[in-house]
J.: 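Quick one: this structure, given as C-alpha cells, is what I'll be asking you about.
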Amino acid sequence: MIDLGLIRKSPQLVKERLSKRDKELARLIDQVLDLDRERRSLLTDIESLRAERNRKSKEIGLLRKQGKDSTAVEEEVRRIKSDIEGRQQRLEEVQRELKTLLLRIPNLPHESVPVGEDEEDNLEVRRWGEPPDFGFEPKPHWEIGQRLGILDFERGARLSGSRFTVVKGWGAKLERALMNLMLDMHSKKGYVEVLPPHLVRPEILEGTGQLPKFEEDLYKCERDELYLIPTAEVPLTNLFRGEILKEEELPIYLTAYTPCYRREAGSHGKDIRGIIRQHQFSKVELVKIVHPDSSYEELERLTLDAEEVLKTLGLPYRVVELCTGDLGFSAAKTYDIEVWLPSQNRYREISSCSNCEDFQARRMNTRFRDSKGKNRFVHTLNGSGIAIGRTIAAILENYQREDGSVEVPPALRDYLGTDVIRL
RNA sequence: GGAAGGGUGGCCGAGUGGACGAAGGCGCGGCGCUGGAAACGCCGUGUACGGGUUUCCCCGUACCGAGGGUUCGAAUCCCUCCCCUUCCGCCA
C-alpha cells in the first residue's frame with residue numbers, strides 16, 4: 001500500500017511515478033484524493049459531535065448523582081447520537097472504498113528502475129557462464145526426462161490434469177538434493193530456515209499483495225477460508241505482521257523450501273510442454289526484513305545469494321533489471337535471474353529478487369522502533385533462491401549428453417549420490 | 001469434534017455500567033542522594049488518526065483479542081468470530 005500521507009502531500013510525484021508503470025494509474029490517485037478529502041471532513045464532524053456527546057454524558061452521571069433531573073440532557077444526547085450515526089454510515093462507506101482502491105494500486109517504482117513497457121525493455125545487468133557447445137542437437141528437458149523415466153506427464157495429467165507432472169526416481173531424488181544444497185548454502189549465509197504453513201488466511205495474502213487483486217491466480221479451500229500459498233514469500237514475509245520489532249533484531253534473513261501453487265489463469269498455451277510452467281512447483285525462497293536505510297544494499301546481496309546457487313551448479317545465467325512496465329505489483333525494484341535453456345536457445349526466468357520497500361510492511365503493519373523511539377515500517381525483500389522445477393529443467397538440458405544420459409553437476413554429486421543419471 | 005478456563009499498556013496484573021488510557025508492580029528514562037555504585041526517594045514513560053500551530057507543543061477522537069449490539073454512557077452487559085491453555089475423543 002502506498003502511503004496515503006505521501007499521496008496527499010505530493011500527488012503529482014505519485015502520479016508521475018505510477019504512470020511509468022501504466023498511464024491509467026494516475027486517474028486512481030485523483031479518486032483517492034477525493035475520497036480522502038470527504039473522509040477527513042466527515043471525521044472532523046463526527047469527532048466534534050462525539051466530544052460533545054461525551055461531555056453531556058458525563059453531565060448526566062453528575063446530575064443523577066446529585067439527584068437532579070437529567071431527561072433534558074438525555075434527549076439532547078439522543079439527538080447528537082442520531083446525527084453521528086448518519087455521518088458514520090457515510091464515513092464507513094468512504095473508508096471502505098478508499099481501502100479497496102488503495103489495496104489495488106501497485107507500488108511506486110524506485111527512481112533507478114528503467115522506464116519501459118514490457119520485458120523487451122528490461123535491462124541486462126550481467127552474464128555469467130557460457131552456454132554449452134554440444135556438437136549435437138540438444139533435446140528439450142521433457143524429452144530427456146521422459147526417456148530417463150524421471151518425468152511422467154501422462155500420469156501427472158491422469159491424477160490432476162494438465163500442468164501437473166509426476167517426478168520419479170532420480171528426478172525425485174534430484175529435487176531432494178537440490179533442496180538440501182540450496183538450504184545448506186543459504187543457512188551458511190545467515191538465513192534462518194523456516195518450515196511455514198502452506199495454507200494461509202486471506203489477510204496474509206493481502207499483506208504481501210496477492211489479494212485482493214489476484215484472487216483468480218490462487219487455489220482456495222472454500223470451506224476453511226484458506227488459500228494455498230503461491231510462494232513461500234507469503235508466509236515468510238507475514239511472519240512478523242502486526243509486530244513492532246526492536247531495531248537490533250533487524251535485519252532478519254529467512255529461507256524456506258515449499259511447494260508453490262498457482263492457477264496460471266490467463267497463461268493458456270504458454271510453456272505448455274515440460275515443467276517450466278506448472279500448477280505446483282517447489283522453490284527455495286529467500287526473504288529479508290530490514291531497516292529502510294539498507295534495503296537497496298540488501299537487494300544487491302540477496303540477488304548475489306540467489307546467483308550463487310547457479311554458479312555452484314555451473315548453470316549459465318544472466319541478470320536483468322525489470323523495467324517499470326514489467327515490475328510486479330508489490331515491487332519497487334526487481335532483478336530477474338534467467339538461466340540458459342539450450343532447447344529454447346534463450347535465457348528463462350529462474351529467480352526474481354525484489355525490494356518492496358514499505359509497501360508490504362504497511363499492509364501487514366510490521367514496524368520497528370528506531371533509536372529515537374519512533375515506530376517506522378520495515379522494508380521487505382524476497383527472492384527465489386531458486387525455483388527447483390526450473391533448475392531441474394536447466395540441469396537436464398545443460399548437462400545432457402548425446403546418448404540421452406545427464407551428467408550431474410559436481411557440487412550436487414554428494415547430495416544426489418551419483419555422477420550421472422542414465423537409464 | 002466435545003467440555004472448561006482465559007485473552008487488559010514493553011512485561012506481570014487489578015478492575016463487573018459513570019471522572020478509566022485504565023490501580024499496583026516490574027522494566028525503561030530523567031533528577032536527587034553518593035567519592036562512585038547498589039538500595040532508596042521524586043518525576044516521567046502507549047499507539048493510531050483528525051485538527052490547530054508547524055511545533056515532536058496543544059486540542060479532540062478512537063483503541064482493554066476482532067467485529068457487531070444494548071445504553072444517555074461499555075474494559076465491564078449481550079451476540080458472532082479469532083486465538084491461547086487444560087481435559088476428553090480422533091488421528092500421523
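So you know, we letter chains A, B, ... as the sequences are listed, proteins then strands, and number each from 1. Predicted, not measured: the structure shown is a model, and the values here were computed from it.
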J.: Strictly under 4.0 angstrom, non-hydrogen atoms only: write out the protein contact profile of nucleotides 58-70 of chain B, one letter per nucleotide from the 5' end, B, S or -.
T.: --BBS--------

J.: Who passes salt bridge (Lys or Arg N to Asp or Glu O under 4.0 Å) against A:Glu247, sequence neighbours left out?
T.: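 If we apply the salt bridge (Lys or Arg N to Asp or Glu O under 4.0 Å) test to A:Glu247, skipping adjacent residues, there are no hits.
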
J.: Could you tell me which residues satisfy salt bridge (Lys or Arg N to Asp or Glu O under 4.0 Å) with A:Glu59, sequence neighbours excluded, listed by chain and number?
T.: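 Once residues adjacent in sequence are excluded, A:Glu59 has no partner under the salt bridge (Lys or Arg N to Asp or Glu O under 4.0 Å) criterion.
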
J.: Taking side chain to side chain donor-acceptor pair (under 3.5 Å) as the definition, give me every residue that meets it alongside A:Asp293, ordered by chain and number, with sequence neighbours left out.
T.: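 Here no residue qualifies.
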
J.: Pick the nucleotide of RNA chain B nearest each of A:Arg64 and A:Asn375; which residue has the one closer to the 5' end?
T.: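 Result: A:Asn375.
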
J.: How many whole angstroms separate atom NZ of A:Lys56 from atom C1' of B:rU71?
T.: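 Distance, rounded to whole Å: 18 Å.
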
J.: Name the orientation class of the two ring planes belonging to A:Phe359 and A:Phe329 (parallel below 30°, tilted from 30 to 60°, perpendicular beyond 60°).
T.: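 Taking A:Phe329 first and then A:Phe359, their aromatic rings stand perpendicular (interplane angle over 60°).
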
J.: For the C1' atoms, the ones on B:rU86 and on B:rA74, what distance do you get once it is rounded to whole angstrom?
T.: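 The same atom, C1', in both gives a distance of 31 Å.
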
J.: Which string of ( ) [ ] | and . matches RNA chain B, if you list each base 5' to 3' and count Watson-Crick or G-U pairs only when both distances are under 3.5 Å?
T.: ((((((((.[[[..)..(.....]]]((((((.......))))))(((((((....))))))).[[[[[..)....]]]]])))))))....

J.: Say we look at B:rG5 and B:rG46: how far apart would their C1' atoms be, to the nearest angstrom?
T.: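 After rounding to an integer number of Å, I get 29 Å for this pair.
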
J.: Describe the nucleic acid contact of A:Ile60 in one word from base, sugar-phosphate, nothing, applying a heavy-atom distance below 4.0 Å.
T.: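 Base contact.
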
J.: With sequence neighbours excluded, tell me which residues meet salt bridge (Lys or Arg N to Asp or Glu O under 4.0 Å) with A:Lys213.
T.: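 If we apply the salt bridge (Lys or Arg N to Asp or Glu O under 4.0 Å) test to A:Lys213, skipping adjacent residues, there are no hits.
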
J.: Answer whether the closest heavy-atom distance between the side chains of A:Glu321 and A:Pro114 falls below 4.5 Å.
T.: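 Counting from C-beta outward, A:Glu321 and A:Pro114 do come under 4.5 Å.
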
J.: Provide the distance between the two P atoms, one in B:rG6 and one in B:rG65, to the nearest whole Å.
T.: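 To the nearest whole Å, 13 Å.
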
J.: Using distance only, find each side-chain donor-acceptor pair of residues 181-189 of chain A under 3.5 Å and give its atom names and separation, not counting sequence neighbours.
T.:
unit_1   : atom_1 : unit_2   : atom_2 : d
A:Asp184 : OD2    : A:Tyr415 : OH     : 2.7
A:His186 : NE2    : A:Gly385 : O      : 2.6
A:Ser187 : OG     : A:Leu183 : O      : 2.8
A:Lys189 : NZ     : A:Asp305 : OD1    : 3.2

J.: Compare all side-chain heavy atoms of A:Val420 with those of A:Val406 and state whether any distance is below 4.5 angstrom.
T.: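 In short, these two side chains do not touch, never coming nearer than 4.5 Å.
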
J.: Without decimals, in angstroms, what is the distance between A:Asn365 CG and B:rU47 C1'?
T.: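 These atoms are roughly 10 Å apart.
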
J.: A:Lys246 has an atom NZ; how far is it from atom P of B:rG27, in whole Å?
T.: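 Atom NZ in A:Lys246 sits about 16 Å away from atom P in B:rG27.
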
J.: Expressed in angstrom and rounded to an integer, what is the separation of A:Arg369 atom CZ from B:rG29 atom C1'?
T.: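 About 13 Å, once rounded to whole Å.
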
J.: Rounded to whole Å, how long is the line connecting atom CZ of A:Arg241 with atom C1' of B:rC83?
T.: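 Result: 14 Å.
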
J.: Looking only at side-chain atoms of A:Arg201, point me to the closest of B:rG73, B:rC83, B:rG51.
T.: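 Looking only at heavy atoms from C-beta outward on A:Arg201, the closest nucleotide is B:rC83.
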
J.: When all nucleic acid strands are considered with a 4.0 Å heavy-atom cut-off, which category describes A:Leu62: base, sugar-phosphate, or nothing?
T.: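 Base contact.
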
J.: Only counting residues at least two apart or in another chain, list the ones meeting salt bridge (Lys or Arg N to Asp or Glu O under 4.0 Å) with A:Glu92.
T.: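 Residues passing salt bridge (Lys or Arg N to Asp or Glu O under 4.0 Å) with A:Glu92: none at all.
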
J.: With rounding to whole Å, what would you report as the distance between B:rG25 and B:rU45 at their C1' atoms?
T.: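 Roughly 15 Å separates the two C1' atoms.
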
J.: Report the residue from A:Arg64, A:Lys56, A:Arg53 that forms a salt bridge (charged side-chain N to carboxylate O under 4.0 Å, His left out) with A:Glu74.
T.: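 Answer to the salt bridge (charged side-chain N to carboxylate O under 4.0 Å, His left out) test with A:Glu74 among A:Arg64, A:Lys56, A:Arg53: A:Arg64.
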
J.: If we take the P atom in both B:rG73 and B:rA19, what is their distance in whole Å?
T.: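 Between the two P atoms, the distance is 15 Å.
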
J.: 5'-most contact on RNA chain B: A:Arg78 or A:Arg367, nearest heavy atom basis?
T.: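 Of the two residues, A:Arg367 wins.
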
J.: Could you give the CD-to-P distance, from A:Gln88 to B:rC49, as a whole number of Å?
T.: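 Atom CD in A:Gln88 sits about 18 Å away from atom P in B:rC49.
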
J.: Side chain of A:Arg40: nearest nucleotide among B:rC72, B:rG51, B:rC49?
T.: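 Closest of the options to the side chain of A:Arg40: B:rG51.
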
J.: On a whole-Å scale, what distance lies between the P atoms belonging to B:rG18 and B:rU76?
T.: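 Roughly 12 Å separates the two P atoms.
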
J.: Pick base, sugar-phosphate or nothing for A:Arg87, based on heavy-atom distances below 4.0 Å to the nucleic acid.
T.: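 No contact.
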
J.: How many whole angstroms separate atom CZ of A:Phe377 from atom C1' of B:rU47?
T.: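 That distance rounds to 12 Å.
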
J.: If I pick the C1' atom on B:rU47 and the same atom on B:rA22, what distance separates them, to the nearest angstrom?
T.: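 That atom pair is separated by 15 Å.
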
J.: Can you tell me the distance, in whole Å, between the CD atom of A:Glu203 and the P atom of B:rC81?
T.: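 Interatomic distance, CD of A:Glu203 to P of B:rC81: 16 Å.
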
J.: Looking only at atom C1', what distance separates B:rA62 and B:rG9, rounded to whole Å?
T.: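 Their C1' atoms lie roughly 16 Å apart.
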
J.: What pairs meet the ring-ring contact (aromatic ring centres under 6.0 Å, His included) rule with one or both residues in residues 72-103 of chain A, with sequence neighbours excluded?
T.: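 Checked against ring-ring contact (aromatic ring centres under 6.0 Å, His included) - neighbours excluded - no pair reaches residues 72-103 of chain A.
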
